[in-house]
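Keep in mind it's a predicted model, so treat the numbers as computed, not measured.
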Amino acid sequence: MIVLILGLGFLRRPLSIVAALSTALCFAFLNDSFAGTFSEKVTRTVRQFSPHLAAKMRPPFTPVIRGRRSAKRSIYICGQPRSAFVAAASLVSFFLWYVSCGLLTLSWALAIGLLATIIHASSRTPNLKARLNTFREEFRHVWRNHNVL
C-alpha cells in the first residue's frame, strides 16, 4: 500500500522520479564494481561513435613503483576521479529535489501511506484461523491451571 501511494505521489511530480533515480545513481557510484563496470560500458558505447572521445575517457595509467603497480588504486568514471563524478551527480540530484519539491512529495506520500496502513491494520478483523489459534491457546492455558481433586 505504501509503494502504491508513493507511486501515485511521484506520478504527480515526474521530476521527482528523475531526482530519486539520480540520488540512487550517486549511491551506486560509491560501489567499486558498479563504478568500474559503468565506466567500461559507457566508454565502449562512446568508442563506437567517437574513438577520440573514448580515448580521453580512459582512466590514467596507474603508477608503477619498483616494478609493481601502486596498491592505492583510484576508481575513475569516464576518465574523471570518482569523487568528482559523485560530487557532480550529487549536486544535480540536490538541485532536482529542490526544483521538483520532491522531498515534500515524498514525506506526504510516506505519511499518507503509513496512516493508511495503520488504519487498515487497526480496522481489520482477524481471519478464522487466527481466531481458532487464539481459542486453542486460551483453552490450553485454562486446562494447564486446572487441578484435579
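- In this view, Thr117 and Met1, Ile2 satisfy the side-chain contact (heavy atoms from CB on, under 4.5 Å) rule, not counting sequence neighbours.
- Taking Leu91 as the reference, nothing meets the side-chain contact (heavy atoms from CB on, under 4.5 Å) condition, with sequence neighbours excluded.
- Within the structure, salt bridge (charged side-chain N to carboxylate O under 4.0 Å, His left out) contacts touching residues 22-36 (residues at least two apart or in different chains) are Asp32-Arg82.
- To the nearest 0.5 angstrom, Leu30 atom CG is 10.0 Å from Leu25 atom CG.
- A donor-acceptor pair under 3.5 Å links the side-chain atoms of Ser122 to the main chain of Ile118, judged by distance alone.
- For the pair Asn133 and Glu137, the minimum side-chain heavy-atom distance is 4.5 Å or more.
- No single ILVMFWY cluster, assembled from side-chain heavy atoms under 4.5 Å apart, contains both Leu15 and Trp108.
- For Phe94, there are no ring-ring contact (aromatic ring centres under 6.0 Å, His included) partners two or more places apart in sequence or in a different chain.
- Residues satisfying the side-chain hydrogen bond (donor to acceptor under 3.5 Å, both in side chains) criterion with Ser100, sequence neighbours excluded, are Ser16.
- In this structure, Leu115 belongs to a hydrophobic cluster whose other members, linked by side-chain heavy atoms under 4.5 Å apart, are Ile119.
- Screening residues 85-97 for side-chain hydrogen bond (donor to acceptor under 3.5 Å, both in side chains), with sequence neighbours left out, gives Thr23-Trp97.
- Not counting sequence neighbours, the partners of Arg44 by the side-chain contact (heavy atoms from CB on, under 4.5 Å) test are Glu40, Lys41, Arg47.
- Leu104 and Val99 fall into different hydrophobic clusters, where Ile, Leu, Val, Met, Phe, Trp and Tyr side chains are chained together by heavy-atom contacts under 4.5 Å.
- Both Phe95 and Val92 sit in one connected hydrophobic cluster of ILVMFWY residues. Membership requires side-chain heavy atoms under 4.5 Å apart, directly or through other members.
- With hydrogens and angles ignored, the 3.5 Å screen pairs a side-chain donor or acceptor of Ser22 with a backbone N or O of Ala19.
- In this structure, Leu114 and Leu110 have side chains that are not in contact, with every pair of non-hydrogen atoms separated by 4.5 Å or more.
- Remark: Phe29 pairs with Phe34, Phe38, Phe85 by the ring-ring contact (aromatic ring centres under 6.0 Å, His included) rule, at least two apart or across chains.
- Remark: Ala89 engages Cys26 in a side-chain contact (heavy atoms from CB on, under 4.5 Å) (not counting sequence neighbours).
- Among residues two or more places apart in sequence or in another chain, the side-chain hydrogen bond (donor to acceptor under 3.5 Å, both in side chains) test is passed with Ser33 by Asn31.
- Among residues two or more places apart in sequence or in another chain, the side-chain hydrogen bond (donor to acceptor under 3.5 Å, both in side chains) test is passed with Thr105 by Arg13.
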